[in-house]
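One structure is given below, encoded as structure tokens.
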Amino acid sequence: MMAPELLPPVRVLMGPGPSDIHPRVLDALGRGTVGHLDPYYLKIMDDLQQMLRALFRTENRMTFAVSGTGSAGMEAAVVNLLEPGDSMVVCVNGVFGGRMADVAQRAGARVTQVERPWGEVFTPQDLVEVLERVRPKVVGIVMAETSTGAWQPLEAISQVVHDAGALLLVDAVTSLGGVPVEVDAWKIDVIYSGTQKCLSCPPGLAPVSFNQRALDTIQARKSKVQSWYLDVSLLASYWGQERVYHHTGPINMSYALYEALRVIHEEGLEACWARHARNHRALKAGLAAIGIDYAAQEGHQLPMLNAVRIPQGVDDAKVRTGLLQRFGIEIGGGLGAFKGKVWRVGLMGYGARPANVLLFLSALEQLLGEQDYRFQSGAAIAAANASYLGDKS
Ligand SMILES: *Cc1c(COP(=O)(O)O)cnc(C)c1O
């Protein structure tokens, strides 16, 4: 059987991920494959680790990329820290907190979920009582809840978690590269991310970092880590000086991440965060001008994931199908409690740029104009451009 030639349609990826890939990153993927113990590749791994430490703002030696998507990073973090019977508190205010709780339960942990309504964030006060009562080994929290667009502050949370003697485990899959993530300054013990959100890179690797406290905890385990593939102690022998074969590194994906990190550090981390914020402000101004508002709590809205309420009377599917089929633009629909109620518009990595914002707003205006929805034609574009013009940051 001969399947047709591979000719993927050209898309503008403005959903919750994967996001637009930087052309230099796509190019890097196609470079010649070397062996996973080739001196050239070992040097690439060292440089990757250095660039990841700079991205995470950490000195942690155990900073590397797990082979697998963001969920593999989540799984690696959870199964290494927790032994069967250990207690974990997971903060759940959207899909990904729920997933973390599921992963921990499967690892045999006793999980206590603390919940906030979708679109809201946690305050330290939300945790104090449960930490006192449960005395968990680990507290897990999602920094950028991609299902709701809520941006969770971590510094004060970190304080109460450590005061209670627990380790702090953070999901930075969507936040890393788009907003400040300060692993050392905020005393995050374990953090994981993914390549496919704000790093302008295809899905396939999960950057992670473990601090010494986390490594000591893993060292003190009584039972083996249930996952051979994700066992950090085994992975450490490959990423560390010994270079002991564990599994075959995904060479070409490592090239892609390498180039993606070069692109980010060339722009500068602060400049990269500022670009995400600037494009978010323009998108938000444009949407506000046609009466569309955000689902997440004011003051806690993520720049890279704009979850907005679908206006009354507007057909969700028609708009998203129209965007995809007529304009090549992908956005995300709502998940779980937000299904049919919100659109999720991503401005991630290479996708966070004026061309995408203006294209999306123009296309949206055309599609809304065909529906039973009243707004001032052209207002979204005008407001977005006014935002760019007046934005000196
Ligand atoms: C996307 C995402 C994940 C899962 O990453 P995959 O690459 O889909 O495995 C986990 N957490 C958050 C917050 C995410 O946005």
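Just follow the structure's listing: the first ligand is 1, and inside any ligand the first atom is 1.
Defined by atom type and a distance below 3.5 Å, a donor-acceptor pair is missing between the side-chain atoms of Gln50 and Asp46.
What you find for Gly340 and Ile310 is that their closest heavy atoms are O-CD1, 3.5 Å. Smallest separation of non-hydrogen atoms from Met253 and Cys201: CE-SG, 4.1 Å.
Between Gly70 and ligand 1, at least one N/O pair is under 3.5 Å apart. In terms of polar-atom proximity, Ser71 is counted as a contact of ligand 1, with an N or O under 3.5 Å from an N or O of the ligand. Annotation: Arg99 places no N or O atom under 3.5 Å from an N or O atom of ligand 1; distance criterion only.
Atom 8 (O) of ligand 1 has its closest protein heavy atom at Gln196 NE2, 3.3 Å. What sits closest to atom 1 (C) of ligand 1 on the protein, heavy atoms only, is Lys197 NZ, 1.5 Å. Nearest to atom 11 (N) of ligand 1 among the protein's heavy atoms is Asp171 OD2, 2.7 Å. Protein heavy atom closest to atom 15 (O) of ligand 1, with residue, atom name and distance, is Thr146 OG1, 2.3 Å. Protein heavy atom in closest approach to atom 10 (C) of ligand 1: Phe96 CD2, 3.3 Å.
Ion pairing between a basic and an acidic side chain is recognised when a charged N comes within 4.0 Å of a carboxylate O; Glu145 and Arg344 show no such pairing. Salt bridge annotation for Glu267-Arg24: absent, with no cationic side-chain nitrogen under 4.0 angstrom from a carboxylate oxygen.
Using 4.0 Å as the threshold, Glu145 has no heavy atom nearer than that to any atom of ligand 1.
Taking the ring axis of Tyr373 as reference, the NZ or CZ atom of Lys318 does not stay both within 45° of it and closer than 6.0 Å to the ring centre.
For ligand 1, the atoms lying closer than 4.0 Å to a non-hydrogen atom of Ala144 are 13 (C).
A distance of 6.0 Å or more separates the ring centres of His162 and Trp186.
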